[in-house]
Visitor: 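Okay, handing you the structure first.
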Amino acid sequence: MKFINYIDKILIAVSCIMLFAVMVIVAIDGLMRQVFDIPIKGAYVLVENYLMVAMIFLAFGYTWAKKGHISITFIHNKLPIALRNVTYLMILLIGIFIMGIIGYTGLERTITAFQNNNLTSGLIRWPIWLAYIWLPLGSAVLVLRLIAEFVVCMRRIIKKGVNNVSISEVTDNV
């Protein structure tokens, strides 16, 4: 888990850098557009298709680790502890499956765009694979985290019993 935490710290730092870049580019572009009537060419394509995608997907694993994703707990918290544990394990497995498919599809698309040398249309011809690469990378880290959390949860259930530990609460520091 320490390895995944280390990767997440690197990716969240890159995500923050991307956010800062978005703020700087949009602010300078707005200033240049309003004051000098000279917008930055390709600014919107860069922000929308590259920086924002990287910013969002690189933060997935870190956000999961910090329990920052949206969750609806008003029913879950009222369930018996054994049923809470089972539903949490199901959530992990569904997450692994869905994010695995998303990551795999994104990887295929990235490889295809790279091999075909696909470029954006417009004034500046950006390579499209640079926009796509963030999706499989972020998804892969999240899938690794979910798998590791599933293994840790299963160990705790096997060790203490399904009725004696609430894995959805204990896994905060996994």
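Counting from 1, the numbers follow the sequence of the chain as shown.
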Visitor: In the hydrophobic clustering (ILVMFWY, side-chain contacts below 4.5 Å, transitive), which residues join Ile111, or is it alone?
Guide: Leu107
Visitor: Where do Leu144 and Ile4 come nearest, in terms of heavy atoms and distance?
Guide: O-CD1, 3.6 Å
Visitor: Do Ile124 and Ile128 share a hydrophobic cluster (ILVMFWY, side-chain heavy atoms under 4.5 Å, transitive)?
Guide: no
Visitor: Starting from Ile12 and following side-chain heavy-atom contacts under 4.5 Å between hydrophobic residues (I, L, V, M, F, W, Y), which residues can be reached?
Guide: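 Tyr62, all in the cluster of Ile12.
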Visitor: If I take atom CD1 from residue Ile38 and atom CG from residue Leu31, how far apart are they, to the nearest 0.5 angstrom?
Guide: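 The distance works out to 11.0 Å.
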Visitor: For the CD1 atom of Ile56 and the CG atom of Leu51, what is their distance to the nearest 0.5 Å?
Guide: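 The CD1 atom of Ile56 sits 11.0 Å away from the CG atom of Leu51.
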Visitor: Please report the shortest heavy-atom distance between Val53 and Glu48, naming the atom on each side.
Guide: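 Nearest pair, atom of Val53 first, then Glu48: CG2-O, 3.9 Å.
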Visitor: Would Glu149 and Lys67 satisfy salt bridge (Lys or Arg N to Asp or Glu O under 4.0 Å), going step by step from the backbone distance to the final call?
Guide: CA-CA 12 Å; Glu149 188 169 332; Lys67 304 285 187 205; 3.6 Å; yes
Visitor: Tell me whether Thr105 contacts the main-chain N or O of Ile102 through its side chain, where contact means a donor paired with an acceptor under 3.5 Å.
Guide: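 Judged by distance alone, no pair lies under 3.5 Å.
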Visitor: With hydrophobic residues grouped by side-chain heavy-atom distances under 4.5 Å, do Leu123 and Tyr44 end up in a single group?
Guide: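 No; Tyr44 is not reachable from Leu123 via cluster members.
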Visitor: Which is it for Asn85 and Cys153 under the side-chain contact (heavy atoms from CB on, under 4.5 Å) test, yes or no, and what are the steps along the way?
Guide: CA-CA 9 Å; Asn85 289 339; Cys153 289; over 6 Å; no
Visitor: Shortest non-hydrogen contact from Ser139 to Gly103?
Guide: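 Reported closest heavy-atom pair: CB-CA, 3.6 Å.
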Visitor: Is it true that Phe57 and Phe60 have ring centroids separated by less than 6.0 Å?
Guide: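 Phe57 vs Phe60: aromatic centres under 6.0 Å.
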Visitor: Using the salt bridge (charged side-chain N to carboxylate O under 4.0 Å, His left out) rule, collect all pairs that involve residues 127-139, keeping only residues at least two apart or in two chains.
Guide: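 Checked against salt bridge (charged side-chain N to carboxylate O under 4.0 Å, His left out) - neighbours excluded - no pair reaches residues 127-139.
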Visitor: When the side chains of residues 130-138 are checked against the rest of the protein, which donor-acceptor pairs come out under 3.5 Å, sequence neighbours left out?
Guide:
from	atom 1	to	atom 2	distance (Å)
Tyr132	OH	Arg109	NH2	3.4
Trp134	NE1	Leu130	O	2.9

Visitor: In the structure I gave you, are the side-chain heavy atoms of Leu146 and Phe150 within less than 4.5 Å of one another anywhere?
Guide: no
Visitor: Quick one: list whatever passes side chain to side chain contact (heavy atoms under 4.5 Å, CB included) with Phe97, sequence neighbours left out.
Guide: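 Phe97: side chain to side chain contact (heavy atoms under 4.5 Å, CB included) contacts with Ile101.
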Visitor: Would a single hydrophobic cluster contain both Ile147 and Ile157, if residues Ile, Leu, Val, Met, Phe, Trp and Tyr are joined by side-chain heavy-atom contacts under 4.5 Å?
Guide: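 Cluster IDs for Ile157 and Ile147 match.
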Visitor: Can you list, by chain and residue number, the hydrophobic cluster partners of Leu79 when the side-chain cut-off is 4.5 Å?
Guide: Leu83
Visitor: Would you kindly confirm whether Ile94 and Ile96 end up in one hydrophobic cluster when ILVMFWY residues are joined by side chain heavy atoms under 4.5 Å apart?
Guide: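 Both belong to a single hydrophobic cluster.
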Visitor: Not counting sequence neighbours, which residues clear side chain to side chain contact (heavy atoms under 4.5 Å, CB included) with Ala13? List them please.
Guide: none
Visitor: Walk me through whether Tyr88 and Leu92 qualify under side-chain contact (heavy atoms from CB on, under 4.5 Å).
Guide: CA-CA 6 Å; Tyr88 192 73; Leu92 291 174; 3.8 Å; yes
Visitor: Below 3.5 Å, can you tabulate the donor-acceptor pairs from side chains in residues 14-30 to any protein atom, sequence neighbours excluded?
Guide:
from	atom 1	to	atom 2	distance (Å)
Ser15	OG	Met55	O	2.6
Asp29	OD1	Ile40	N	2.7
Asp29	OD2	Arg33	NH2	3.3

Visitor: So, using salt bridge (Lys or Arg N to Asp or Glu O under 4.0 Å) as the criterion, who are the partners of Arg155 when residues are at least two apart?
Guide: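 In terms of salt bridge (Lys or Arg N to Asp or Glu O under 4.0 Å), with neighbours along the sequence ignored, Arg155 is linked to no residue.
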Visitor: Under the side-chain hydrogen bond (donor to acceptor under 3.5 Å, both in side chains) definition, can you give me all pairs with a residue in residues 120-130, not counting sequence neighbours?
Guide: none
Visitor: Linking I/L/V/M/F/W/Y whenever their side-chain heavy atoms sit closer than 4.5 Å, directly or via other members, would Ile75 and Ile81 fall into one cluster?
Guide: no
Visitor: Which ILVMFWY residues can you reach from Val86 by hopping between side chains whose heavy atoms are under 4.5 Å apart?
Guide: Met90
Visitor: Are there more than 12 heavy atoms of other residues, nucleotides or ligands under 6.0 Å from atom CG of Asn116?
Guide: yes
Visitor: Strictly by salt bridge (charged side-chain N to carboxylate O under 4.0 Å, His left out), give each pair with a member in residues 1-18 just once, sequence neighbours left out.
Guide: Asp8-Arg145
